[in-house]
Asks: 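Okay, handing you the structure first.
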Protein chains: 2
Amino acid sequence: MGVFSKTCEYAMRAVFYIASSTISGNRVGIKEIASKIDSPEYFLAKILQDLSRKGLISSVKGPNGGFYIEGEALNRPLADIVTAVDGDEIFNGCGMGLAHCSETNPCPLHHEFKKVRNQITHMLTITTIGQFNKELGNGLISLKKS
Amino acid sequence: MGVFSKTCEYAMRAVFYIASSTISGNRVGIKEIASKIDSPEYFLAKILQDLSRKGLISSVKGPNGGFYIEGEALNRPLADIVTAVDGDEIFNGCGMGLAHCSETNPCPLHHEFKKVRNQITHMLTITTIGQFNKELGNGLISLKKS
DNA sequence: ATAAATTAAGATAAAAAAGTCTTTTATTGT
DNA sequence: ACAATAAAAGACTTTTTTATCTTAATTTAT
Ligand code: FES
Ligand code: FES
């Protein structure tokens, strides 16, 4: 098991890909996205529909349609995507599964786990959706599974 | 979704509980453990059977039987439990779901995610199974879900 | 207007994770 | 030896996650 659900992994990869295409002035179709990030096409379609309904990405139907991201939305933190897909448990849940993480009734891992959560929160907050376009363009970083 | 599977959460809570009972010189039955850590009894039984087969905890059948942890095993890092239950993906997997985390073909989150993974590894390595007996005894920390 | 393209929505399906119940096996105390 | 106790093992069910397919609704270009 990873830190994020598969759904969320696909969502993050797709959003980065859409962002970098948007910068180059294009809308991208579901087929292209799925192939470029190595994800099951129909499943990804569902995920993007959901993000679209929630206003995190945009889409247009018809010829030359596809997905893109509004200028303003490119500055959103990646945390917004994670929250939309996986909820906020990762940001404030207890590492050992207690119903509530609490300072007064902590689990054995509480003290150390807090650092982990803070690190995750930090990572997802400082990272913006539109941040990696350059590196994605020149192949310095990768979104393909293998 | 949390960082660990529910199975793993139950396993960790149970192992801490068994450890603290072992220190007080007792074996504990599945029923007591399940009730003390708020987990489904039969499901936990499966988990402990597995840990027992793998030698991470010990058990004896029959009257006055139950689960306990060998002296030496009390010093194992919690990481051993996590690995036994959830595998090692959490220690070296890619945060965005790429098949292999790699320095030469990194995902966008690689640099930051490495810190998260290291923090998790650190937490699970420095924490030993038998470490919290005092705090568990005096109720300073909790294993009960609610 | 019509046809083509493309996302949205709805309905299933398959796989994995979580949870439950029943039967068997081993151990202990009498 | 026997009965009682408790874990081990096996079979099964339910729920959640992941994945696929089909039909509908929009948009664009001709
Ligand atoms: S109580 Fe478990 S992480 Fe805070
Ligand atoms: S490549 Fe994704 S975390 Fe290293």
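We use all heavy atoms of the structure for the numbers below, so side chains are in, but hydrogens, waters and symmetry mates are not. The structure displayed is predicted, hence computed values, not measured ones. In what follows, chains are A, B, ... by sequence order, proteins preceding strands, each numbered from 1.
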Asks: Are Asn26(B) and Ser21(B) close enough that a side-chain donor and a side-chain acceptor fall under 3.5 Å?
Replies: no
Asks: Taking the minimum atom-to-atom distance to the side chain of Tyr42(B), which one of dA19(D), dA9(C), dT22(C) wins?
Replies: dT22(C)
Asks: Using a cut-off of less than 4.0 Å, is there contact between a side-chain N or O of Ser59(B) and OP1 or OP2 of dA7(D)?
Replies: no
Asks: Classify the side chain of Lys46(B) and the base of dA8(D) as holding, or not holding, a donor-acceptor pair under 3.5 Å.
Replies: no
Asks: What is the distance, to the nearest angstrom, from the NZ atom on Lys31(B) to the C1' atom on dC21(C)?
Replies: 13 Å
Asks: Check every atom of dA8(D), dG19(C), dT7(C) against the side chain of Phe43(B) and return the nucleotide holding the closest atom.
Replies: dG19(C)
Asks: Please state how far atom CG in Leu44(B) lies from atom C1' in dG19(C), giving the value in whole angstrom units.
Replies: 12 Å
Asks: Any Lys/Arg nitrogen of Asp50(B) or Lys54(B) sitting under 4.0 Å from an Asp/Glu carboxylate oxygen of the other?
Replies: yes
Asks: Which whole-number value in Å describes the distance from Lys6(B) NZ to dA16(C) C1'?
Replies: 15 Å
Asks: Report the distance from atom CD1 of Ile47(A) to atom P of dA9(C), rounded to the nearest whole Å.
Replies: 15 Å
Asks: Return no unless some side-chain N or O of Ser52(B) is found under 4.0 Å from OP1 or OP2 of dA8(D).
Replies: yes
Asks: With the side chain of Arg53(A) defined as its heavy atoms from C-beta on, choose the nearest nucleotide among dA19(D), dA8(D), dA9(C).
Replies: dA9(C)
Asks: Please report, rounded to the nearest Å, how far the C1' atom of dG19(C) is from the OH atom of Tyr10(B).
Replies: 9 Å
Asks: What is the minimum heavy-atom distance between Val116(A) and Gln119(B), and which atoms define it?
Replies: CG2-CG, 3.5 Å
Asks: Would you find a donor on one side and an acceptor on the other, under 3.5 Å apart, between the side chain of Glu112(A) and the backbone of Met123(B)?
Replies: no
Asks: Do nucleotides 24-30 of chain D as a string where each nucleotide becomes B, S or -: B if the base has a protein heavy atom under 4.0 Å, S if just the sugar-phosphate does, - if no protein is that close.
Replies: -BBBB--
Asks: Grab the CD1-C1' distance between Ile30(A) and dT22(D) for me, whole Å please.
Replies: 16 Å
Asks: Taking only side-chain N and O atoms of Thr7(B), does any of them lie within less than 4.0 angstrom of OP1 or OP2 on dA18(C)?
Replies: yes
Asks: Looking only at the side chains, is there a donor atom on one of Thr83(B) and Asp88(B) sitting less than 3.5 Å from an acceptor on the other?
Replies: no
Asks: Between Pro40(A) and Leu48(B), who's closer to the 5' end of DNA chain D by nearest nucleotide?
Replies: Leu48(B)
Asks: Select from Met1(A) and Gln49(A) the residue whose nearest nucleotide in DNA chain C is closer to the 5' end of that strand.
Replies: Gln49(A)
Asks: Separation of Ile69(A) atom CD1 from dT7(C) atom C1', in whole Å?
Replies: 16 Å
Asks: Under a 4.0 Å N-O cut-off, is there an ion pair linking Lys6(A) with Glu9(A)?
Replies: no
Asks: Provide, to the nearest angstrom, the distance between the CD atom belonging to Glu41(A) and the P atom belonging to dC21(D).
Replies: 10 Å
Asks: With a 4.0 Å cut-off, would you call Glu103(B) and Lys114(B) a salt bridge?
Replies: yes
